[in-house]
**Q** 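A single structure is presented below for examination.
Below, chains carry the letters A, B, ... as their sequence lines are ordered, and counting in each starts from 1. Keep in mind that what you see is a predicted model, and the values were worked out from it rather than measured.
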Amino acid sequence: MRKVKNILWVAIALALMSSCSGGKFKGSSTNSVSQATNGMASATSVTNASNINSITSTSAEPGGQGFTPCTPDPQGDSLGTERLVQEHGNWCWAACVQMVLKTLGDTIEQCDVVVRKYSPSMSDCCRLPTRPHCDVAGWPNFPDFQFDADTTTNQALSWDTVKHQIGCLRSPFCASWKGINSHGQPNGDDHMSVVCGYKIRGAEQLVKILDPYTSQGAALRWRPYEFYVGDNTRIHWDDYYNIRRLSNR
Amino acid sequence: MKKISVAVAFLFYGSARMVMHAQGDTIISKALIEKAIVKFANILDSPDVANFGLKSIAQLKTLKGGKQFKRFGIGLYDLQKFKQGDKVKDIIQEYQSVEVSLVDERQNIVTSIEFTEKNGGWVVSGYGSTSELIAVKNAQTLLQKTDLEKGDLIRIPSLNLCFISISSPAGLEFISLQDNSDLNLFKRQRMSASDAIFKLVPFALEHKGLPPK
């Protein structure tokens, strides 16, 4: 009887530990990265391990699609995403892919993003990245790096989805905007940045945005959610989210 | 006696206007800035402090509102279309946003908070500096104090460039805030606004922005 009791206690303890690992990993950036990688690498097993969480899960979570059911921290969460600067004028998208994959445990070069997207015409862009034809804009193609992602169309992620990306999937995501002039017309100032945190303070919902476009390390800002959606200088374009490692890797 | 009072009042008003002009326009009230600083301190996580240009959260609480930078920008399409005879001031767009620099006791910019007009009032739209305010911060010791106080910050996001614009009898002038060898620009370089824009046009024409899907 005592033996059965002990086994039961161990089982309960293990179940509790599993449920925690499906959720948050706070601490240093290094910890966040490695833990996030583990979380992403075995989405199925984490799902199985966190049945306890499913009781409180938001099953209608827009980012759901077979991902770990979990409840993100209602107060906020933040990933230790490294601030990386885009290496060329048009490479915001490449810098964003680099920052996201680095958070998920993979180190790549920005030129790799360009080369893989546009090869063979850009195949020399890692060897000679300053050649003018290499400074090209584009949209992320995560399968080039054995990852996949979902995209929105001219739309920001909902607040719940933002929380799910950061708090449950432990993954930053790429957000993009179309620049507009003061009359609301497109002005060509299009841009992509990385969202890597969320927070609630009082009634205010905030997101943490890393803008790769500066010479001193990506500019880090907290912005109210409504200004991530859009502001008087830009409207929302497409976001790349639910970024996950392809299982055949 | 009445005449003296009126004269003193005018003198006081004139001095106040001069001080206000020297410090740049005040759009966001001191009370609103102080409230926003408290919120900023409440949002910041200790590990992130250095990434916001700060030494500590305690330091943030000691900062005061400095120069208020109204948001002025030049869009990529306007740059690409700019030609001889065009006026630079006609392509500068003003947006209803103000980035308030937060300064230390030496008046050095440390970080900033952005406000945007909403429903007739001002609300915080960003905690921490935009890349252009970071450029101002990095160039501030090289700039003349009066230029920084009187000038406007002109942002050219598509080329990751910004300038301080100054109205002078000779016309609009731009002061570069960045070193850029490709464009032959260096910090503190002063030139006519049209010369600056003509330097940028060829680069703007090469810049494509994110392609349509």
Side-chain angles (χ1 to χ4, degrees), chain A residues 27-29 76 78 80 83 85-86 89-90 92-93 130 132 135-139 151 153 176-183 185-192 197 199 201-202 204 206 208-224 226-228 231-234 237-238, chain B residues 39-40 42-45 47-48 51-53 71-80 91 93-97 111-114 116-118 123-135 137-138 155-161 178-180 182 203-204 206-213:
Chain A
S28 70
S29 60
S78 189
R83 300 156 67 219
V85 174
Q86 65 188 77
N90 286 297
C92 57
W93 62 292
T130 52
D135 185 10
V136 63
W139 293 100
T151 60
T153 303
S176 66
W177 299 268
K178 285 180 201 177
I180 51 171
N181 62 24
S182 54
H183 307 292
Q185 301 300 313
N187 68 358
D189 293 347
D190 310 327
H191 198 39
M192 185 174 275
K199 193 167 272 192
R201 284 294 175 268
E204 199 163 43
L206 297 142
K208 189 178 180 183
I209 301 177
L210 277 169
D211 179 350
Y213 216 172
T214 177
S215 56
Q216 303 292 317
L220 180 59
R221 301 175 82 201
W222 280 101
R223 302 200 76 187
E226 65 173 306
F227 292 101
Y228 142 75
D231 59 28
N232 56 15
T233 66
R234 58 192 192 172
W237 210 344
D238 299 352
Chain B
K39 262 196 174 180
F40 192 178
N42 190 28
I43 289 165
L44 260 190
D45 300 311
D48 265 347
N51 292 332
F52 282 86
R71 190 170 189 105
F72 294 101
I74 298 176
L76 177 67
Y77 297 160
D78 286 333
L79 262 185
Q80 289 172 334
I91 61 166
Q93 298 273 323
E94 183 177 353
Y95 297 91
Q96 291 308 304
S97 295
T111 184
S112 59
I113 298 176
E114 183 191 56
T116 293
E117 196 174 27
K118 186 185 171 189
V123 296
V124 173
S125 50
Y127 298 94
S129 297
T130 57
S131 55
E132 295 91 350
L133 227 292
I134 292 172
K137 177 183 168 178
N138 292 335
R155 304 165 192 248
I156 305 177
S158 59
L159 300 182
N160 193 21
L161 290 171
Q178 293 137 304
D179 295 321
N180 187 315
D182 291 342
F203 292 87
E206 279 178 22
H207 195 93
K208 302 287 188 292
L210 288 166
K213 277 186 160 176

**Q** Non-hydrogen atoms of chain B under 4.5 Å away: do they reach the side chain of A:Pro186, the backbone, both or neither?
**A** both
**Q** Between A:Ser176 and chain B, which part of the residue has a heavy atom less than 4.5 Å away: side chain, backbone, both or neither?
**A** side chain
**Q** What is the distance from atom CH2 of A:Trp177 to atom OH of A:Tyr228, rounded to the nearest 0.5 Å?
**A** 7.0 Å
**Q** Working to the nearest 0.5 Å, report the span between OG of B:Ser158 and CZ of B:Phe203.
**A** 12.5 Å
**Q** Does the side chain of B:His207 reach to within under 4.5 Å of the side chain of A:Asn90, using non-hydrogen atoms?
**A** yes
**Q** Find the one option among A:Asp190, A:Ile209, A:Leu220 whose heavy-atom pairs under 4.5 Å with chain B are most numerous.
**A** A:Leu220
**Q** Quick check on the interface: out of A:Gly138, A:Gly89, A:Gly179, who has the most heavy-atom pairs with chain B under 4.5 Å?
**A** A:Gly138
**Q** What part of A:Lys178 lies closer than 4.5 angstrom to a heavy atom of chain B: side chain, backbone, both or neither?
**A** neither
**Q** Tell me, side chain or backbone of B:Ile156 under 4.5 Å from chain A's heavy atoms, or both, or neither?
**A** neither
**Q** Of the non-hydrogen atoms in A:Arg234 and A:Ile180, which two are nearest, and what is the gap between them?
**A** N-CG1, 3.5 Å
**Q** Which heavy-atom pair separates A:Met192 from A:Cys92 by the least distance, and what is that distance?
**A** N-SG, 3.6 Å
**Q** Quick one: of B:Glu94, B:Glu132, B:Glu117, B:Lys118, who has the most non-hydrogen atom pairs under 4.5 Å with chain A?
**A** B:Lys118
**Q** Between B:Asp78, B:Val124, B:Leu79, which residue shows the highest count of heavy-atom pairs closer than 4.5 Å to chain A?
**A** B:Val124
**Q** Where is the tightest heavy-atom contact between A:Arg83 and B:Asn51, given as atom of each residue plus distance?
**A** NH1-OD1, 3.1 Å
**Q** Give the minimum heavy-atom separation between B:Gly126 and A:Pro224, together with the two atoms involved.
**A** N-CD, 4.1 Å
**Q** Measure the spacing between CZ of B:Arg71 and CZ of B:Arg155 and express it to the nearest 0.5 Å.
**A** 4.0 Å
**Q** Which atoms of A:Gln86 come close to chain B, meaning under 4.5 Å heavy atom to heavy atom: side chain ones, backbone ones, both, or neither?
**A** neither
**Q** Top residue by heavy-atom pair count (under 4.5 Å) with chain B, among A:Val136, A:Asp211, A:Asp238?
**A** A:Asp238
**Q** Between B:Thr130 and chain A, which part of the residue has a heavy atom less than 4.5 Å away: side chain, backbone, both or neither?
**A** both
**Q** Taking side chain as everything from C-beta outward and backbone as N, CA, C, O, which of these in B:Tyr95 sits under 4.5 Å from a heavy atom of chain A? Side chain, backbone, both or neither.
**A** both
**Q** Most heavy-atom pairs under 4.5 angstrom with chain B, which of A:Asp189, A:Asp135, A:Asp231?
**A** A:Asp189
**Q** Find the one option among B:Ala204, B:Ser125, B:Gly53 whose heavy-atom pairs under 4.5 Å with chain A are most numerous.
**A** B:Ser125
**Q** With respect to chain A, which residue among B:Ser97, B:Ser131, B:Pro211 yields the maximal number of heavy-atom pairs within a distance under 4.5 Å?
**A** B:Pro211
**Q** Return the orientation label for the B:Phe40 and B:Tyr127 ring planes: parallel under 30°, perpendicular over 60°, tilted otherwise.
**A** tilted
**Q** State the OH-CG distance between A:Tyr213 and B:Asn160, to the nearest 0.5 angstrom.
**A** 4.5 Å
**Q** Of the listed residues (A:Glu204, A:His191, A:His183), which shares the most heavy-atom pairs with chain B below a 4.5 Å separation?
**A** A:Glu204
**Q** With chain A, which of B:Gly73, B:Ala135, B:Ser129 has the greatest number of heavy-atom pairs at distances under 4.5 Å?
**A** B:Ser129
**Q** What part of B:Ile134 gets within 4.5 angstrom of chain A, counting heavy atoms only: side chain, backbone, both, or neither?
**A** side chain
**Q** So which atom in B:Glu114 and which in A:Arg223 form the shortest heavy-atom distance, rounded to 0.1 Å?
**A** OE1-NH2, 3.1 Å
